[in-house]
Amino acid sequence: MLDSRYFQEGVEELKMGLRKRSGGDELVAQVAQLSQSRKELILAADALKANRNAVSQEIAKLKAQAKSNPQAAQEADQKVLAMRAVGEEIKAMDEKLRLVEEQYQALTLRIPNLPHSSVPVGKSSDENFEVRRWGKPTELSFDPKSHVDLGEHLKIIDFERAGKMSGARFALYRGAGARLERALIQFMLDLHTSEHGYQEVIPPFMVSRDAMTGTGQLPKFEEDLFKTHVADRELFLIPTSEVPLTNMYREEIIEAGALPYYLTAYSPCFRSEAGSYGKDTRGLIRLHQFQKVELVKIVEPDQSYEELEKMVQNAEKVLQLLELPYRVLLLCSGDMGFSATKTYDLEVWLPSQNTYREISSCSNCEDFQARRAQIRYRPEPQAKPKLAHTLNGSGLAVGRTFVAILENCQDQNGNIRIPRVLHRYLEGAPGFTRRGDDLYILAQV
RNA sequence: GGAGAGAUGGCAGAGUGGUCGAAUGCAUCGGUUUUGAAAACCGACGUAGGGGCAACCUUACCGGGGGUUCGAAUCCCUCUCUCUCCGCCA
């Protein structure tokens, strides 16, 4: 949610900003008008209420005198009658106001964040800006296999059985595959907690509508989420642990000097992938459930862009240690997510696709989520609370990292060399190979 | 799953229909006093919306929502959460 001043004096500025994304002049005009009628209604209703409050006091006094003064009793009765009419008027006015506020809320919650001035203006991913590359695209002397072929060959991923119980877009990791996924999770969490200063969290994986609204997934993107009812209670499966991590501090005032907060969590992530039919239908790239290690920062406003750069570096470090080639993109205005003012994507090299694919997305949301979720801090001990800035980033998407390792570290026999940093999480095993018909083991490559 | 109790300002804790936005204590901040500190004393001390250049005025808020009433922290309905006891359970 944006500062309400945009809907009063900042209408032109707001339109300019939103045009960099996908437009929204009409929406802005509507909101500006609602903002105006809202003010007018408040003014009128408040005047009526002030009058009622004053007269009610008089009635109280008159009633106190009524025993000894019959005239006072009569006067009180008259005033009660008059106020009954005023009460009706107030009720009608409040109802009008309620409708206006409802619409106003509904619309403002659907307005995305404004791009930062450093963000290139563009319509689609074609206009993203490549900031840097690390490593060289892996060159293999043979025709690289896809992770799907490798995974099935090694019997470490089983799409068929996953489909049997859950349908398309689900995966089942087994044996060394499950072990590698777990090793990656642990490696990432260890790195971010011991080297980068993040606090590890295990959050709920289901959250309320309010929490989803706080980080901006709702109300606009409900169709992208899985919703459940537990004991008649509405809950959403998290599409990323950004949601619970950021909402940890909703409706809180963080004491002076406590920021910044760095949080990290591993979680499964659930996405309906509505509208993505036909894209990445095979493999681990696009699933209804995937694993991710998330990074979230809650910081003071003047720090947030600096903190974004650091967060990107924290995510990059994972790829560097895994020796996976990648590039960093600065997303253009049209390709950014709803809540972000600025986003960097990390893309890892995938030999079978001969291209870079997204493996992390790091965004500054400035005070957009903080305003929705009311996350505030005190700049100084006695000072008035201010909205904090929130950032989030993947550190990294675990399934896609798994894919990148299989594809970049394969040999011509379909064996996988395990990056050095993971050895300690895999009992020292340097690689995967297949032995026998139904087995997979950790072994020498 | 069953039975019961509760939710009031940063905290503790009064208040059961009318000058209650809310006593009192603690904490916090300013001041007086003191060589300094403590103590004592005096004063200040919520949030949000609207109006106004401003002083200031006004509205709303006693877990959330709804209702009764001229008037609700107080009465009624409902939801959520917390606690205690019993049962079940990883």
Side-chain angles (χ1 to χ4, degrees), chain A residues 1-9 31-69 71-106 108-109 202 204-214 228-236 244 247-258 367 370-388:
Chain A
M1 194 162 35
L2 295 165
D3 194 321
S4 63
R5 75 178 175 84
Y6 280 114
F7 310 131
Q8 294 156 27
E9 303 102 45
V31 172
Q33 218 208 310
L34 285 168
S35 167
Q36 186 56 34
S37 9
R38 174 175 168 274
K39 278 192 183 180
E40 285 163 10
L41 285 168
I42 287 174
L43 202 62
D46 278 6
L48 287 173
K49 286 177 190 169
N51 177 244
R52 181 180 66 183
N53 287 345
V55 176
S56 287
Q57 296 293 347
E58 289 169 26
I59 291 170
K61 276 182 208 158
L62 289 168
K63 290 222 167 174
Q65 302 167 13
K67 275 184 193 144
S68 55
N69 182 352
Q71 205 181 334
Q74 213 173 28
E75 211 176 313
D77 287 345
Q78 272 173 16
K79 284 188 194 283
V80 167
L81 226 57
M83 283 308 103
R84 204 169 284 169
V86 172
E88 292 302 315
E89 222 178 316
I90 288 172
K91 207 177 235 179
M93 193 82 77
D94 274 348
E95 179 59 17
K96 254 193 225 167
L97 179 60
R98 193 185 63 77
L99 290 173
V100 167
E101 291 222 301
E102 210 170 78
Q103 279 184 62
Y104 175 77
Q105 278 294 326
T108 51
L109 284 173
I202 299 178
F205 301 152
M206 301 170 114
V207 301
S208 68
R209 179 171 287 274
D210 281 350
M212 283 293 183
T213 305
T228 70
H229 288 269
V230 177
D232 228 25
R233 190 151 62 109
E234 181 188 58
L235 285 170
F236 294 86
N247 274 287
M248 278 170 66
Y249 294 98
R250 75 177 289 112
E251 283 158 43
E252 287 195 25
I253 297 170
I254 298 158
E255 279 317 314
D367 62 11
R371 184 173 293 104
R372 291 170 159 243
Q374 285 298 300
I375 302 168
R376 294 176 295 171
Y377 75 102
R378 283 187 209 282
E380 301 292 333
Q382 300 300 317
K384 264 185 85 145
K386 280 178 64 180
L387 293 170

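Here is how names work: the chains are called A, B, and so on, in the same order as the sequence lines, proteins then strands, and each is numbered from 1.
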Indicate yes or no for a side-chain donor-acceptor contact from [X] to the backbone of [Y] under 3.5 Å, with no hydrogens or angles considered.
| X | Y | answer |
| --- | --- | --- |
| A:R371 | A:S4 | no |
| A:R378 | A:A383 | yes |
| A:S56 | A:R52 | yes |
| A:N247 | A:A211 | yes |

Would you mind classifying the nucleic acid contact of A:K39 as base, sugar-phosphate or nothing, using non-hydrogen atoms under 4.0 angstrom?
sugar-phosphate
Watson-Crick/G-U partner (both atom distances under 3.5 Å) of [N]:
| N | result |
| --- | --- |
| B:rC88 | none |
| B:rG36 | none |
| B:rG9 | none |
| B:rA23 | none |
| B:rA55 | none |
| B:rG4 | B:rC83 |
| B:rU28 | B:rA44 |

Provide the distance between the two [atom1] atoms, one in [N] and one in [M], to the nearest whole Å.
| N | M | atom1 | answer |
| --- | --- | --- | --- |
| B:rC29 | B:rC45 | P | 16 Å |
| B:rG46 | B:rU24 | P | 14 Å |
| B:rG50 | B:rG67 | P | 24 Å |
| B:rC79 | B:rA27 | P | 42 Å |
| B:rA23 | B:rC62 | P | 15 Å |
| B:rC75 | B:rA14 | P | 16 Å |
| B:rU74 | B:rG63 | C1' | 16 Å |
| B:rC61 | B:rU8 | C1' | 12 Å |

Between A:R378 and A:A45, which is nearer to the 5' end of RNA chain B once each is assigned its nearest nucleotide?
A:R378
Heavy-atom nearest nucleotide on RNA chain B for A:I42 versus A:L81: which residue maps closer to 5'?
A:I42
Short N/O separations, protein against nucleotides 16-19 of chain B, under 3.5 angstrom:
residue: B:rG18; atom: N2; partner: A:S56; partner atom: O; Å: 3.1

Report yes if at least one side-chain N or O of [X] is closer than 4.0 Å to OP1 or OP2 of [N]; otherwise report no.
| X | N | answer |
| --- | --- | --- |
| A:K49 | B:rU58 | no |
| A:R84 | B:rU69 | no |
| A:N53 | B:rG71 | no |

Determine whether more than 12 heavy atoms belonging to other residues, nucleotides or ligands lie under 6.0 Å from atom [atom1] of [X].
| X | atom1 | answer |
| --- | --- | --- |
| A:Q374 | CD | yes |
| A:Q74 | CD | no |
| A:E95 | CD | yes |
| A:I202 | CD1 | no |

Rounded to the Å, how far apart are [X] [atom1] and [N] [atom2]?
| X | N | atom1 | atom2 | result |
| --- | --- | --- | --- | --- |
| A:R376 | B:rG10 | CZ | P | 11 Å |
| A:I90 | B:rU69 | CD1 | P | 14 Å |
| A:Q74 | B:rC70 | CD | C1' | 17 Å |
| A:R371 | B:rG49 | CZ | P | 11 Å |
| A:D210 | B:rC79 | CG | C1' | 13 Å |
| A:R38 | B:rU59 | CZ | P | 17 Å |
| A:E234 | B:rC79 | CD | C1' | 14 Å |
| A:D94 | B:rG50 | CG | C1' | 14 Å |

Looking only at the side chains, is there a donor atom on one of A:Q36 and A:E40 sitting less than 3.5 Å from an acceptor on the other?
yes
Do A:E88 and A:R84 sit within salt-bridge range, that is, some charged N less than 4.0 Å from a carboxylate O?
no
Using 4.0 Å as the upper bound for N to carboxylate O, is an ion pair formed by A:E101 and A:R98?
no
Donor-acceptor pair under 3.5 Å: do we get one between A:D46's side chain and the base of B:rG51?
no
State, to 0.1 Å, how close A:V207 and A:P244 come at their nearest heavy-atom pair, and which atoms those are.
CG1-CB, 4.4 Å
Enumerate all atom pairs, one protein N or O and one N or O from nucleotides 62-68 of chain B, separated by less than 3.5 Å.
residue: B:rU68; atom: OP2; partner: A:K91; partner atom: NZ; Å: 3.4

Among B:rA48, B:rG49, B:rC70, which nucleotide has an atom closest to any side-chain atom of A:K384?
B:rA48
